[in-house]
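Computation of the quantities below employed the complete heavy-atom set of this structure, encompassing side-chain atoms and omitting hydrogens, waters and symmetry-equivalent molecules. Letters go in sequence order (proteins before strands), and every chain restarts at 1.
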Amino acid sequence: MPVMFSYAPPLARLIEELSKLPSVGPKTAQRLAFHMLSMSSADAEALAAAILEAKSRIRNCSVCGNITETDPCRICTSAERDRSVVCVVENARDVAAMERTREFTGLYHVLQGAISPLDGIGPDDLRIAELLRRVAAGDVREVIVATNPRVEGEATALYLSKVLKPLGVRVTRIAHGLPVGGDLEYADEVTLARALEGRREL
Amino acid sequence: MPVFKAEGVILRRQTIGEADRVLTLLTREHGKLRAAARGSRRVTSRLGGRLEPYTRARFLLARGRTLDVIAQVEVVDAFAGIRADLMRSAYAAYVAELADRFLPERDRHEDVFALVCATLGALDLAGEDEAELVTLRFALHLASALGYRPRAGECVGCGRPLPRGGGPGERWAFSPALGGALCPGCAGRNQEAVRTAPGVLAMVAHLLRAPSGQPIRLRIPREQRADLARLVQAHLEYRLEGRLRAPAVIERLRALPPPA
């Protein structure tokens with residue numbers, strides 16, 4: 001009986017590790033592994049070092065929960081940011097998205113998820129207690145709830161308004177509406193209804 | 001690629017890959033099925049806003065190799081009232097979890113579909129107390145439709161009917177394993193049975209009879225309502241052979257504010 005072909009153990013191990021990455025199947029893993037083999041030693045070492053360095057030096061800011069190298073993070077310690085406004089988002093990638101707008105000058109608070117009964121995620125699994133502590137400490141006048149406009153994000157927003165309002169802080173929700181460059185004809189009913197609800201004087 | 005139409009309710013939504021989602025639908029025509037919504041997480045997706053959980057819609061699906069793919073969606077009812085309220089949306093999640101976990105895939109079950117639609121319709125308009133009763137009624141009716149109807153009106157051991165007027169002082173019990181009520185005499189021999197007041201069992205019997213889709217007029221003291229919820233949950237978890245996730249979160253949402 002012919003012996004089944006298999007790669008040399010070090011290569012097989014590399015392929016196996018790569019195939020653990022999201023949306024990388026066995027075929028892609030194989031292609032990446034062969035590419036890595038053809039890289040110069042310096043490049044390969046730089047890649048390995050970058051992974052290890054990111055892994056060891058990136059952590060969550062103890063104030064806002066955003067990913068950072070220094071704790072507290074650059075935004076939390078910046079003298080130019082408005083400390084009276086806190087924008088609440090679901091995850092660190094949302095902070096990056098908000099920062100790209102260059103419109104927001106306040107601070108952030110990353111919840112690291114959203115309330116989702118179907119997945120068994122309740123309010124105590126999120127960084128809500130930390131947010132309440134921040135608000136109770138003083139400085140904050142307004143909390144902008146920028147969780148995703150879907151069921152889980154809405155539930156989280158409703159919960160936050162319930163627990164934040166008694167603290168005497170202004171709680172606002174980001175607007176829902178039509179995407180720039182979009183087309184009314186193709187907008188869904190729910191979004192269009194929300195856009196109509198949130199219309200404003202010209 | 002052949003296409004087919006189905007009317008359904010979105011029970012669950014999971015994200016996969018960069019911008020795709022997999023939806024679990026409960027359809028009238030084909031029972032529960034999973035379908036992919038390509039690119040639906042993008043802001044400019046035409047599908048995005050129509051594919052929120054608990055939405056009832058008409059779908060045009062294309063047969064795929066592993067998963068069917070959603071081509072078009074037309075919303076029948078978005079149940080905006082559910083989304084606008086924290087507890088209603090949590091109870092809708094309970095309903096969706098039950099339907100998702102109790103039904104096998106591609107097994108047509110039109111009466112359960114009708115039950116889910118009627119329940120979401122009732123939840124859409126319900127206050128917090130009623131939302132819980134509507135959900136528990138759904139749980140009991142779902143169990144009945146699948147052959148797990150509990151016997152609450154009389155003792156499953158000896159057939160003794162529930163005492164009228166709540167039988168003050170009597171300690172009855174409910175046995176998930178036997179699927180029904182136990183009188184004080186028979187309850188002693190069943191260690192797993194949950195002790196409860198006859199009044200709570202009478203409520204189970206009432207909810208089993210109450211037609212779905214209609215408002216529930218039932219005034220219940222707080223502690224009895226918690227008992228009722230636990231009892232219904234125990235009955236379903238026993239049949240499911242697993243723990244339900246949504247009721248645990250609902251409990252925690254109720255306990256406002258969260259422990260700091």
Side-chain angles (χ1 to χ4, degrees), chain A residues 22-25 97 114-137 148-167 173 176-183 185-195 197, chain B residues 10-14 16-18 20-21 24 41-55 57 73-75 77-80 82-97 100-101 243-260:
Chain A
S23 70
V24 174
I115 294 174
S116 173
L118 278 173
D119 302 303
I121 300 172
D124 35 346
D125 297 318
L126 309 175
R127 296 183 70 257
I128 292 178
E130 287 88 338
L131 175 64
L132 294 179
R133 268 201 295 276
R134 273 180 90 178
V135 172
N148 289 321
R150 52 180 188 223
V151 169
E152 300 82 5
E154 289 300 330
T156 311
L158 290 165
Y159 183 85
L160 286 178
S161 86
K162 255 190 181 171
V163 294
L164 283 169
K165 286 231 174 95
L167 299 176
R173 181 87 174 103
H176 308 291
L178 299 166
V180 173
D183 209 316
E185 187 190 344
Y186 292 116
D188 63 272
E189 300 78 348
V190 185
T191 305
L192 205 48
R194 287 293 196 86
E197 214 177 276
Chain B
I10 298 167
L11 298 179
R12 205 185 148 101
R13 189 176 62 182
Q14 288 148 297
I16 49 162
E18 184 68 22
D20 302 344
R21 287 193 174 115
T24 307
R41 289 170 67 197
R42 288 183 219 286
V43 168
T44 50
S45 165
R46 289 200 289 131
L47 297 176
R50 298 188 172 103
L51 298 180
E52 285 289 289
Y54 327 131
T55 300
V73 191
E74 185 191 350
V75 174
D77 198 334
F79 300 115
I82 291 177
R83 256 168 282 278
D85 181 272
L86 178 63
M87 293 317 289
R88 271 184 256 172
S89 119
Y91 282 113
Y94 194 169
V95 169
E97 183 182 9
D100 183 16
R101 292 182 64 183
R243 298 281 295 168
L244 289 164
R245 285 182 288 263
V249 174
I250 289 173
E251 198 114 306
R252 287 187 275 159
L253 286 177
R254 279 240 172 116
L256 286 169

Check your understanding: In Å and rounded to the nearest 0.5 Å, what is the CG to CG distance from B:Leu47 to A:Asp188?
Key -> 9.5 Å

Check your understanding: Which atoms of A:Ala187 come close to chain B, meaning under 4.5 Å heavy atom to heavy atom: side chain ones, backbone ones, both, or neither?
Key -> backbone

Practice item. Select one option (side chain, backbone, both, neither) describing which atoms of A:Ile115 are under 4.5 Å from chain B's heavy atoms. Key: side chain

**Study point:** side-chain contact (heavy atoms from CB on, under 4.5 Å) evaluation trace for B:Arg83 with A:Val151
**Key:** CA-CA 6 Å; B:Arg83 256 168 282 278; A:Val151 169; 3.3 Å; yes

Revision key, fill the gap. Smallest heavy-atom separation, B:Leu253 atom then A:Pro123 atom, equals CD2-CD, 3.6 Å

Revision key, fill the gap. dist A:Leu118:CG -> B:Asp100:CG (nearest 0.5 Å) comes out at 7.5 Å

**Study point:** B:Leu11 portion near chain A, given a 4.5 angstrom heavy-atom threshold
**Key:** backbone

Check your understanding: Where does B:Tyr54 contact chain A at under 4.5 Å (heavy atoms): side chain, backbone, both or neither?
Key -> side chain

Review point. Relative to chain A, which segment of B:Ala90 carries a heavy atom at a distance below 4.5 Å: side chain, backbone, both, or neither?
Key: both

**Study point:** B:Glu251 atom CD, neighbour heavy-atom count above 12 within 6.0 Å
**Key:** no

**Study point:** Heavy-atom check, side chain of B:Arg50 versus side chain of A:Thr191, under 4.5 Å
**Key:** no

Exercise for review: Using modelled atom types only, decide if a donor and an acceptor are shared between the side chain of B:Arg245 and the backbone of A:Asp119 within a distance under 3.5 Å.
Suggested key: no

Exercise for review: Heavy-atom distances under 4.5 Å only: say whether A:Glu130 touches chain B with side chain, backbone, both or neither.
Suggested key: neither

Check your understanding: Using non-hydrogen atoms only, which part of B:Ala84 is less than 4.5 Å away from chain A: side chain, backbone, both, or neither?
Key -> backbone

**Study point:** From A:Ser116 atom OG to B:Arg13 atom CZ, the distance as rounded to the nearest 0.5 Å
**Key:** 9.5 Å

Review point. In terms of heavy-atom pairs under 4.5 Å, which option from B:Glu52, B:Arg88, B:Glu74 contacts chain A the most?
Key: B:Glu52

